[in-house]
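Take a look at the structure below.
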Amino acid sequence: MFLKLESRGEANRNMVYLTPVLAVILTLITGFFLFLAMGHDPFEALYTFFIYPISNSYGISELLVKATPIILCAIGLSMGFRANVWNIGAEGQLTLGAIFGGTVALMFYEQEGWYIIPLMMVAGVVGGALWAAIPAFLKTRFNANEILVSLMLTYVAFQLLSYLVHGPLRDPDGYNFPESRLFSDSAIVPILWEGTRFHVGGLFALLAVVAGWLMISRHLIGFQIRVIGMAPMAASYAGFSEKKLIWFTLLLSGGLAGLAGMFEVSGPVGQLVPSISPGYGFTAIIVAFLGRLHPVGIMMAGLLVALTYLGGESGQITLGLPEAVTGVFQGMLLFYLLASDVLIKYRVVPNFGTAKS
Amino acid sequence: MDLFVAIMVNVAAASTPLVFAAMGELVVEKSGVLNLGVEGMMLMGAIAGFAAGYASGSMLIGIIVAGIAGGLLALLFGFLTQHLLANQVATGLALTIFGIGISAMVGHSFVGISLDPIAKGIPFLEDIPVIGKLFFGHDILVYASFVMTALVFYFLYKTRAGLILRAVGTNHDAAHSIGYSVIKIRYMAIVFGGAMAGIGGAYLSMAVNPMWVEEMTAGRGWIALALVVFATWRPGRVLVGAYLFGGISILQLNLQAMGVTIAPQLLAMLPYLVTIAVLVIISRDSGLMKKHAPACLGKIFHASS
């Protein structure tokens, strides 16, 4: 190796904010060559992917629609990641939120009432939090790895949703299609932007950003989360309960993912179907890292990554690209971010073959 | 009897991808590295093996290419975690997300094509009455997975190189100070793990269900990770665990075929719920975990020279 890493002594603050930008640039450059290799005009492909989708106001509204569930999930996950609690089952918690919220909507089918949507929201939060309570309980009581448990439960959640839309919650007049009834108007979240699909869920995502910011900067529990993540020993000397934080971060992230799921079925989807999210819960993991586990960063990263979904759709329609290109871009983004993060703590210096010690 | 033999052949087919993937991850974790990207590497192997097998018409080439594809993706993981000192949990997750995406992209043009499955049965031996089909009615990779288990056991516990690998996983600073190249050893383990995951994935797309379906691993990479914990990092137990899971997933399918009145979706939850259950049973004994888990698992190593 001609280069080696030298410790900077302390983390470089500028690099903390520069590396996400660097990762985006490197992803775009790689995307350029990827499209070239696939036989497309790379400029045209990148334009189709990243600029065309948001070149009109409807595109912007769709960006907000997609960013809403991603940001809601990522805010919750970031709190856990800060405390070294690895909930990667947000997709499952989102699905449970959709099931709970959707069930309430179907219970009040063809009924009127201002209370229906708030009730659905509560149900969504409870559903997601209950699903996240399982890894929390198994982690605190039996020391079972929360990564594997929360992920396994995601597959269970998919099967549960599939069972419900094939069975108990199937539309009785739906010619046996695995779908629930379309929700009544009273169970559809209000639209914020006339003529688009952007709904009040966006406000709640914004609220989560502000609340998350206040929590980590002003509240004791935010301080505890930061300390336990950085110095677990110090945290235990200070009397912070690790178990309590595991419960708190999992219930919080599960609840927010559940709320995101409820908004999806009550907003853009409008009924329960076998597949509710194109992987928002997993994408939120990338967004949490790209946003530096900070609520404001997550908001910006959420908008950026939501663009990859729109770009995937637009690339599919215009250029006939497989939709999976979205996942490739998301994976690359996270790779480049993790790779460039080395610059935060280390500087790259030439290696003049000094003797090994 | 015929039904029993048929079921056992299916159990072996369902277990073999788990044996390969988990055996690879076992070696990786023994060297002190936690690679959560098994699912992604399996998918890469599944599509690469399928594509190469389809293009060349040779199963062997398919399997080799699958191993290379898995190993290459693992190499990326190695570079990020060993040279750039990235967080292993985050990098492993990135590997899975990337693997899902790139396999789906490459596989786009292979959807709807089917392949002749890898041939089952050893000539002559499988004609032996009673035991013939049971012991000799499988495809070559089933036997290879047993050989691999034995090799991994022999390597880890009977060779000097295996001892060094375990030492690196137990205390990387000590291993470094007596002159072993921690990073080089870990790289080799990581690439081996990736190749094994790739072969496990290719077994799915070439033998179990010889076609390409997006995300066809359906969480088996994660089950393989759970198996390593369940087996408390011992090769023999990984094999037993893999067959336990293979057995459950075949049982679940057979219950459906026998017309059990439980909804198929609820039965399909079974392998995932059993995974959680065994994780809980093993993990609650923290003394057992401490005794067997590689002490440096997941920790970043940077020689401050």
Side-chain angles (χ1 to χ4, degrees), chain A residues 1 4-5 7 34 38 81 84 86 88 134-135 138-139 141-145 147-149 151-156 158-164 166-167 279 282-283 285-286 289 321-335 337-342 345-346 354-357, chain B residues 36 39-40 76-77 79-81 83-87 89-109 111 179 214 218-219 222-223 225-226 229 263-269 271-276 279-286 289 302-305:
Chain A
M1 293 292 278
K4 66 173 183 176
L5 297 176
S7 181
L34 185 72
M38 289 167 77
F81 294 170
N84 276 328
W86 298 94
I88 61 165
I134 301 170
L138 298 179
K139 171 83 176 180
R141 180 75 179 73
F142 299 110
N143 194 33
N145 183 312
I147 299 178
L148 293 171
V149 173
L151 195 97
M152 288 296 134
L153 285 173
T154 298
Y155 290 100
V156 176
F158 290 161
Q159 296 295 342
L160 183 64
L161 175 63
S162 168
Y163 164 70
L164 291 173
H166 279 91
F282 293 115
T283 304
I285 298 169
I286 302 176
F289 283 112
L321 292 168
E323 213 176 348
V325 176
T326 299
V328 176
F329 270 104
Q330 291 179 357
M332 273 198 306
L333 199 54
L334 186 51
F335 274 137
L337 180 76
L338 292 167
S340 35
D341 272 357
V342 71
K345 283 190 193 152
Y346 301 89
T354 43
K356 277 185 192 169
S357 67
Chain B
L36 294 180
E39 182 88 354
L76 190 60
F77 175 88
F79 180 67
L80 282 165
T81 57
H83 272 113
L84 299 182
L85 315 174
N87 177 306
V89 173
T91 312
L93 292 174
L95 211 61
T96 289
I97 293 169
F98 185 69
I100 290 173
I102 206 146
S103 63
M105 194 178 88
V106 176
H108 188 62
S109 46
V111 173
E214 264 182 42
W222 296 100
I223 291 179
L225 277 158
V229 179
Q265 292 92 349
L266 299 182
L267 285 173
M269 293 176 185
Y272 307 112
L273 292 176
V274 171
T275 307
I276 294 174
L279 264 178
V280 167
I281 291 166
I282 293 294
S283 307
R284 74 198 173 120
D285 188 347
S286 62
M289 294 290 282
H302 182 234
S304 46
S305 58

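Since we're looking at a predicted model, the values are computed, not measured. Atoms considered below: every heavy atom in the structure, side chains included; atoms not considered: hydrogens, waters and symmetry mates.
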Which atoms form the tightest heavy-atom contact between [X] and [Y], and what is the distance?
{"X": "B/L95", "Y": "A/F335", "result": "CD1-CZ, 3.4 Å"}
{"X": "A/L148", "Y": "B/A226", "result": "CD1-CA, 3.7 Å"}
{"X": "B/I276", "Y": "A/V149", "result": "CD1-O, 4.1 Å"}
{"X": "B/G219", "Y": "A/M152", "result": "O-CE, 4.2 Å"}
{"X": "A/L338", "Y": "B/A94", "result": "CD1-CB, 4.1 Å"}
{"X": "A/A339", "Y": "B/L84", "result": "CB-CD1, 3.5 Å"}

Can you find a heavy atom in the side chain of [X] that is under 4.5 Å from one in the side chain of [Y]?
{"X": "B/E39", "Y": "A/L151", "value": "no"}
{"X": "B/V229", "Y": "A/N145", "value": "no"}
{"X": "B/Q265", "Y": "A/L164", "value": "no"}
{"X": "A/V156", "Y": "B/L273", "value": "yes"}

> Can A/I88 and B/W222 be said to form a side-chain contact (heavy atoms from CB on, under 4.5 Å), step by step?
Replying inline: CA-CA 12 Å; A/I88 61 165; B/W222 296 100; 3.7 Å; yes
Which answer fits [X], side chain, backbone, both or neither, if we ask what part of it has an atom under 4.5 Å from a heavy atom of chain A?
{"X": "B/L36", "value": "side chain"}
{"X": "B/T275", "value": "side chain"}
{"X": "B/V280", "value": "both"}
{"X": "B/I100", "value": "neither"}

> Non-hydrogen atoms of chain B under 4.5 Å away: do they reach the side chain of A/Y346, the backbone, both or neither?
Replying inline: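 Contact with chain B is through the side chain of A/Y346 alone.
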> Given that the side chain runs from C-beta out, which part of A/D341 has a heavy atom under 4.5 Å from chain B: side chain, backbone, both or neither?
Replying inline: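 For A/D341, neither part sits under 4.5 Å from chain B.
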[atom2] on [Y] to [atom1] on [X], rounded to 0.5 Å:
{"X": "A/Y163", "Y": "B/M269", "atom1": "OH", "atom2": "CE", "result": "9.0 Å"}
{"X": "A/L138", "Y": "B/L279", "atom1": "CG", "atom2": "CG", "result": "9.0 Å"}
{"X": "B/T96", "Y": "A/F282", "atom1": "OG1", "atom2": "CZ", "result": "9.5 Å"}

>> One pair to check against side-chain contact (heavy atoms from CB on, under 4.5 Å): A/F142 and B/I281. What are the steps and the verdict?
In response: CA-CA 8 Å; A/F142 299 110; B/I281 291 166; over 6 Å; no
> Can you say whether the rings of B/Y272 and A/Y155 are parallel (under 30°), tilted (30 to 60°) or perpendicular (over 60°)?
Replying inline: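 Rings of B/Y272 and A/Y155: parallel, under 30°.
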